[in-house]
There are 2 protein chains.
Amino acid sequence: MIEAAATVFCREGFAGANIDLIAAEAGVSRQTVYNHHRDKESLLVAVVREITERCNARAFSVLATFPDHPHDLQADLTAFAVRLNRNCLCDRDGRFLRRLLQNEGERYPELFSDWRENGPARVWDALAARFARLAHAGWLEIDDPDAAARQFLALTSSDLQLPLIFGDRLSEDDLEQASARAVRMFLRAYARRN
Amino acid sequence: MIEAAATVFCREGFAGANIDLIAAEAGVSRQTVYNHHRDKESLLVAVVREITERCNARAFSVLATFPDHPHDLQADLTAFAVRLNRNCLCDRDGRFLRRLLQNEGERYPELFSDWRENGPARVWDALAARFARLAHAGWLEIDDPDAAARQFLALTSSDLQLPLIFGDRLSEDDLEQASARAVRMFLRAYARRN
DNA sequence: ATATTTTTAGACAGTGTTGTCTAAATCGTC
DNA sequence: GACGATTTAGACAACACTGTCTAAAAATAT
């Protein structure tokens with residue numbers, strides 16, 4: 001039901017979503033929706049909490065697959081970037097979160113204040129720490145790991161944003177290509193000069 | 001009036017914006033709004049056309065200030081990035097366009113099909129050509145200028161997205177810092193190796 | 001099988017919005 | 001100042017949505 005609400009909120013926006021649609025999507029009656037959630041707004045809050053938690057969890061589970069001891073740095077980082085794109089940035093939850101942030105972030109900042117502190121900030125920190133470790137191990141030359149982490153993420157998803165916004169279907173190949181381009185550029189900047 | 005409609009559509013979203021608000025914002029009566037535009041949707045179309053045109057014009061006017069003959073490449077590119085951020089990415093029109101794309105891009109792709117062809121694509125091409133020229137002149141080493149142009153834009157705006165979404169006030173200093181970071185990284189990757 | 005809880009369909013009032021209409025007021029132009 | 005065009009305020013019907021209510025139905029537990 002949270003699931004259905006997420007789908008509809010994502011598709012229609014908060015103002016555009018109506019409870020009947022959500023109920024239909026969930027396969028329950030409208031009354032049941034009101035039975036579980038006081039009103040539309042508290043339903044939104046529940047949905048946001050659920051989705052942000054799931055996104056965070058997924059992000060950290062992908063972070064755990066970071067190539068700490070790379071065999072082929074370029075290939076390993078690319079595979080990592082692909083996982084990031086597939087499981088965090090390009091999936092339905094990621095799209096939902098981005099869209100909702102864009103829509104309601106300015107109006108209801110408190111809705112996302114929790115996510116803001118525990119989401120991107122923590123992910124950036126964790127990723128920065130990984131890069132710093134790679135630098136320490138001699139794979140990279142990085143002066144500002146925090147900036148590098150943010151840059152890695154920005155590069156990784158940038159080529160996919162536009163198709164994603166227009167609802168184009170992203171092939172596995174697109175993901176690979178975009179990720180490979182990002183990593184190539186990242187390593188050009190930060191790989192140890194020989 | 002288009003102006004007022006843009007402001008309200010941007011603030012409230014399409015579904016959330018009501019004509020009375022737009023009329024009030026424009027300082028005219030509701031009837032006058034209907035006098036100039038058939039209905040809410042055609043008003044949106046007019047607004048989108050106006051804003052995309054203005055964004056494009058502004059983008060190309062900033063592109064015209066690209067440092068083709070740089071004195072200090074790093075400083076000149078940074079200044080260029082600042083102009084890009086201030087006049088295209090972080091201004092009200094840029095925010096409006098991003099938000100509207102995120103909201104309605106998937107539902108009404110035809111609304112933006114014109115922008116999609118003549119906006120980002122052309123800007124990327126133009127920027128790529130500039131970078132290619134800089135490479136040819138010996139300033140840069142770039143294998144794929146198109147990718148480099150997209151990466152430059154992604155890096156330039158990435159650190160500003162989140163504050164922008166939450167409506168934080170961006171100081172001139174933030175703009176400078178973010179742009180400088182982006183250019184530093186860009187040049188680490190693509191500056192001619194000595 | 002019976003009791004208890006939950007769900008359902010439908011009706012309902014209240015509210016907000018859209019788009020139309022009208023008669024008065026305001027404006028620009030001669 | 002007079003005339004044609006435009007704008008205005010306000011009323012209006014039509015519609016959609018929210019959130020509540022009820023009595024029947026279904027599911028669950030005992």
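Order of the sequence lines sets the chain letters (A, B, ...), proteins ahead of strands, with each chain counted from 1. Computed from a predicted structure; not experimentally measured.
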**Message:** Please determine whether a side-chain nitrogen or oxygen atom of T32(B) lies at a distance below 4.0 Å from atom OP1 or OP2 of dT8(D).
**Reply:** yes
**Complete:** When rounded to whole Å, the CD1 to C1' distance for the pair I22(A) and dG19(D) reads 14 Å
**Prompt:** Could you give the CG-to-P distance, from N35(A) to dA27(D), as a whole number of Å?
**Reply:** 17 Å
**Asked** Base, sugar-phosphate, or nothing: which does H37(B) touch, judged by heavy atoms less than 4.0 Å apart?
**Response** nothing
I'd like a table of donor-acceptor pairs (distance under 3.5 Å, sequence neighbours excluded) in which one partner is a side-chain atom from residues 27-34 of chain B, with atom names and distances.
from, atom 1, to, atom 2, distance (Å)
S29(B), OG, T32(B), N, 3.4
S29(B), OG, T32(B), OG1, 3.1
R30(B), NH1, D20(B), OD1, 2.2
R30(B), NH1, D20(B), OD2, 3.4

**Sugar-phosphate or base contact per nucleotide [nucleotides 10-21 of chain C; S, B, -; heavy atom under 4.0 Å]** = -B-----SSBBB
**Request:** Please determine if a side-chain N or O atom of H36(A) lies less than 4.0 Å away from the OP1 or OP2 oxygen of dT6(C).
**Result:** no
Which atom pairs, one a donor and one an acceptor, fall under 3.5 Å between side chains of residues 56-68 of chain B and the rest of the protein, sequence neighbours left out?
from, atom 1, to, atom 2, distance (Å)
N56(B), ND2, N118(B), O, 2.9
R58(B), NH2, D91(B), OD2, 3.2
R58(B), NH2, D93(B), OD2, 2.7
S61(B), OG, R58(B), O, 3.2
T65(B), OG1, V62(B), O, 2.6
T65(B), OG1, R83(B), NE, 2.8
T65(B), OG1, R83(B), NH2, 3.2
D68(B), OD1, R130(B), NH1, 3.3
D68(B), OD2, R130(B), NH1, 2.6

**Asked** Quick one: side chain to side chain contact (heavy atoms under 4.5 Å, CB included) partners of D125(A), sequence neighbours excluded?
**Response** D146(A)
**Asked** Any donor and acceptor pair, going by atom type alone, linking the side chain of D174(B) with main-chain N or O of L160(B) inside 3.5 Å?
**Response** no
**Message:** Any side-chain to backbone donor/acceptor pair from R98(B) onto L89(B)? Under 3.5 Å, distance only.
**Reply:** yes
**F152(B) vs L84(B), side chain to side chain contact (heavy atoms under 4.5 Å, CB included): CA-CA, chis, key distance, verdict** = CA-CA 11 Å; F152(B) 183 84; L84(B) 216 50; 4.2 Å; yes
Let me have the donor-acceptor pairs involving side chains of residues 181-190 of chain A, under 3.5 Å, with sequence neighbours excluded, atom names and distances please.
from, atom 1, to, atom 2, distance (Å)
R181(A), NE, D159(A), OD2, 2.9
R181(A), NH2, D159(A), OD2, 3.1
R188(A), NE, A189(B), O, 2.8
R188(A), NH2, E141(B), O, 2.6
Y190(A), OH, Q151(A), OE1, 2.7

**Message:** Angle between the two end axes of the helix from dA1(C)-dT30(D) to dC30(C)-dG1(D), five base pairs per end, rounded to 10 degrees?
**Reply:** 30°
**Request:** For the residue pair F14(B) and Y108(B), categorise the inter-ring angle as parallel (less than 30°), tilted (30 to 60°) or perpendicular (more than 60°).
**Result:** perpendicular
